[in-house]
Number of protein chains: 2
Amino acid sequence: MENREYKKVIEYVKSEIAKGTLQLKNKLPTERVLAEELSMSRSSIREALRTMENMGMLESTQGSGNYLTGNLNKMFAESIGMMLLLKQVSYSEVNAVRRALETDAYVLAMGNITEEMEEKLKELYQGMENSEGDQKILKDKEFHYLIIRASGNKLIISIMEALEEIYEESVGHILKTSSKETKDQLMRCHKKMLECIIGKDEINGRRALDEHYGIIEGQC
Amino acid sequence: MENREYKKVIEYVKSEIAKGTLQLKNKLPTERVLAEELSMSRSSIREALRTMENMGMLESTQGSGNYLTGNLNKMFAESIGMMLLLKQVSYSEVNAVRRALETDAYVLAMGNITEEMEEKLKELYQGMENSEGDQKILKDKEFHYLIIRASGNKLIISIMEALEEIYEESVGHILKTSSKETKDQLMRCHKKMLECIIGKDEINGRRALDEHYGIIEGQC
DNA sequence: GAATATTTGTCCGTATGTATA
DNA sequence: CTATACATACGGACAAATATT
């Protein structure tokens, strides 16, 4: 069907946001009030509220009310996870998206990164070298995501954080099972990434990231 | 809340897909049967079905049933549209994601493109030169999306198609209101993109796309 | 084509758990 | 602690669209 009743509620919420009368963290009218105002049953209102909750638009708290939130990023993980489950896309294709976005983020980060961040990156890199197992994987992730966050592009950050959940087993597994040679290769990539972001060397930085993702791709 | 009843239904559907007992286009058990099997009320079942419908996982048809579909891409448009509405991300940031993904798609397309596609691209380019207004915008879009589809990466295609809806007014508007000089500049980019994809010249092809998006960005 | 059964769409009423004043 | 407001969940009823006989 196309003409769904519950879409009226979503349209209502959107218009209230557009008008400025509904803002983040604000409480929505109660279900009964919404039902009356929009001339719908509570059931239909609730179906709409559920979809919006699932989307990350709002959060419902029993006994209190429905509050506008803005956690839309979790939907990226849901959608792509479902696509993977239905085999509509492959892990390799998801990986290509990751590479494209992280490369872009890396270049953007080059222009934004502060000295504090550079120090933190060095710290994380050293941490990677001096640790093993889960600890190393954690430092690795922090290394990448510090750069991604430093890009300042909130959409890229959202998507990459969503994809992090999907990959945390898969890539983690790769890192655990790969040979020492592969691990050393990855460490050299990280070192180059670190050097190039400090030295603002975009070309070699891109190469390091490309090599990094090439190794990951090869282990899939 | 975290422990939502309706999530049981989503988990149920996911597990059926994983087991292979539920496939695309298949009909789900009726709402009443689901209610009985999962020991829930029909209302709760319906809330779950609605969220899944909204997600693009299934389609409900009155009098018939609920059928598993796989149109997850529409959720990308919804989520990003909502982020834009809430001003959590800017059009400029969305543009950066488009650039990153289209550039990746462009390079992938270089390796996949057939002679027929190249002919079609030439045709579209000529069509752009020889037309004006909405017709020109349409050819422009077709030109870009032929390349994107030629990339073969179904996730990139999904995301870009979702972003197309969001940008179709915004970019269309830019093309309508920009000066002749800007338009000529864009045409030169398209020409370079065409030449480089045929000549497998990745470096200059990337440059052409970068220039193209730089112009779009400048008009925002 | 018509009649009947099935299934989703919508609504209402009620009971319960939770948050808030 | 009490009372009120609110979301959560259930079950029943009827309408509307579809499928089946």
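Naming: A, B, ... by sequence-line order, numbering from 1 per chain. Computed over heavy atoms, backbone and side chain alike; hydrogens, waters and symmetry mates excluded.
Applying the salt bridge (Lys or Arg N to Asp or Glu O under 4.0 Å) test to every pair with at least one member in residues 65-86 of chain A, sequence neighbours left out, gives these pairs: A:Glu78-B:Lys14. Every pair passing salt bridge (Lys or Arg N to Asp or Glu O under 4.0 Å) that includes a residue from residues 16-28 of chain A is listed here, sequence neighbours excluded: A:Glu16-A:Lys19.
With B:Thr61 contributing its side chain and B:Ser64 its backbone, the two residues share no donor-acceptor pair below 3.5 Å.
Every residue two or more places apart in sequence or in another chain that forms a side chain to side chain donor-acceptor pair (under 3.5 Å) with B:Arg50 is listed here: A:Glu47. Evaluation of the side chain to side chain contact (heavy atoms under 4.5 Å, CB included) rule for B:Glu123 yields B:Lys120 as partners, not counting sequence neighbours. In terms of the side chain to side chain donor-acceptor pair (under 3.5 Å) criterion, A:Gln88 has no residue partners (sequence neighbours excluded). Remark: B:Lys136 engages no residue in a salt bridge (charged side-chain N to carboxylate O under 4.0 Å, His left out) (not counting sequence neighbours). B:Lys141 pairs by the salt bridge (charged side-chain N to carboxylate O under 4.0 Å, His left out) definition with B:Glu164, B:Glu168, not counting sequence neighbours. Considering only residues two or more places apart in sequence or on other chains, B:Arg98 meets the salt bridge (charged side-chain N to carboxylate O under 4.0 Å, His left out) condition with none of them.
Between A:Glu31 atom CD and C:dT18 atom P the separation is 16 Å, expressed in whole Å. Taking atom CD on A:Glu59 and atom C1' on C:dA19, their separation rounds to 15 Å, with Å as the unit. What separates OH of A:Tyr67 from C1' of C:dA19 is a distance of 8 Å, to the nearest Å. Across the protein-nucleic acid pair, B:Lys7 atom NZ and D:dA9 atom C1' stand 17 Å apart, rounded to whole Å. Here the C1' atom of nucleotide C:dG9 and the CD atom of B:Glu47 are 14 Å apart, to the nearest Å. The CG-C1' distance, from A:Leu49 to D:dA7, rounds to 10 Å in whole Å. In this structure, A:Ile45 atom CD1 and C:dG9 atom P are separated by 16 Å, rounded to whole Å. In this structure, CD of B:Glu5 is placed 14 Å from C1' of C:dT16, rounded to the nearest angstrom.
Applying the 4.0 Å criterion to OP1 and OP2 of C:dT18, one finds that A:Ser64 has every side-chain N and O outside that range. Neither OP1 nor OP2 of C:dT7 sits under 4.0 Å from any side-chain N or O of B:Asn66.
At a cut-off of 3.5 angstrom, counting only N and O atoms as typed in the model, there is no donor on one side facing an acceptor on the other between the side-chain of B:Gln62 and the base of C:dG9.
Of the listed nucleotides (D:dA7, D:dC10, C:dT8), C:dT8 has the atom at the smallest distance from the side chain of B:Ser60. You'll find that the side chain of A:Arg46 is closest to D:dA9, out of C:dT10, D:dA9, D:dA15.
For the atom pair CD1 (A:Ile113) and CD1 (A:Ile198), the distance works out to 7.5 Å, reported to the nearest 0.5 Å. In this structure, CD1 on A:Ile45 lies 5.0 Å from CG on A:Leu34, to the nearest 0.5 angstrom.
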List, with names and distances, any nitrogen or oxygen atoms from the protein found under 3.5 Å away from nitrogen or oxygen atoms belonging to nucleotides 1-5 of chain D.
none

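One end of the helix from C:dA2-D:dT21 to C:dA21-D:dT2 points its axis 10° away from the other end's axis, with each axis taken from 5 pairs and the angle rounded to 10°.
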Please tabulate, for side-chain N and O atoms in residues 144-153 of chain A, each donor-acceptor pair with protein atoms closer than 3.5 Å (sequence neighbours left out).
from, atom 1, to, atom 2, distance (Å)
A:His144, ND1, A:Glu102, OE2, 2.5
A:His144, NE2, A:Asp140, OD1, 3.2
A:His144, NE2, A:His190, NE2, 3.1
A:His144, NE2, A:His212, NE2, 3.2
A:Tyr145, OH, A:Met160, O, 2.7
A:Ser151, OG, A:Ile148, O, 2.6
A:Ser151, OG, A:Asn153, N, 3.2
A:Asn153, OD1, A:Leu155, N, 3.0
A:Asn153, OD1, A:Ile156, N, 3.0
A:Asn153, ND2, B:Glu93, O, 3.2

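Across residues 35-43 of chain B, B:Arg42 each have a non-hydrogen atom less than 4.0 Å from an atom of DNA chain C (numbered order).
For the pair A:Arg32 and A:Ser44, nearest-nucleotide mapping onto DNA chain C gives the more 5' position to A:Ser44.
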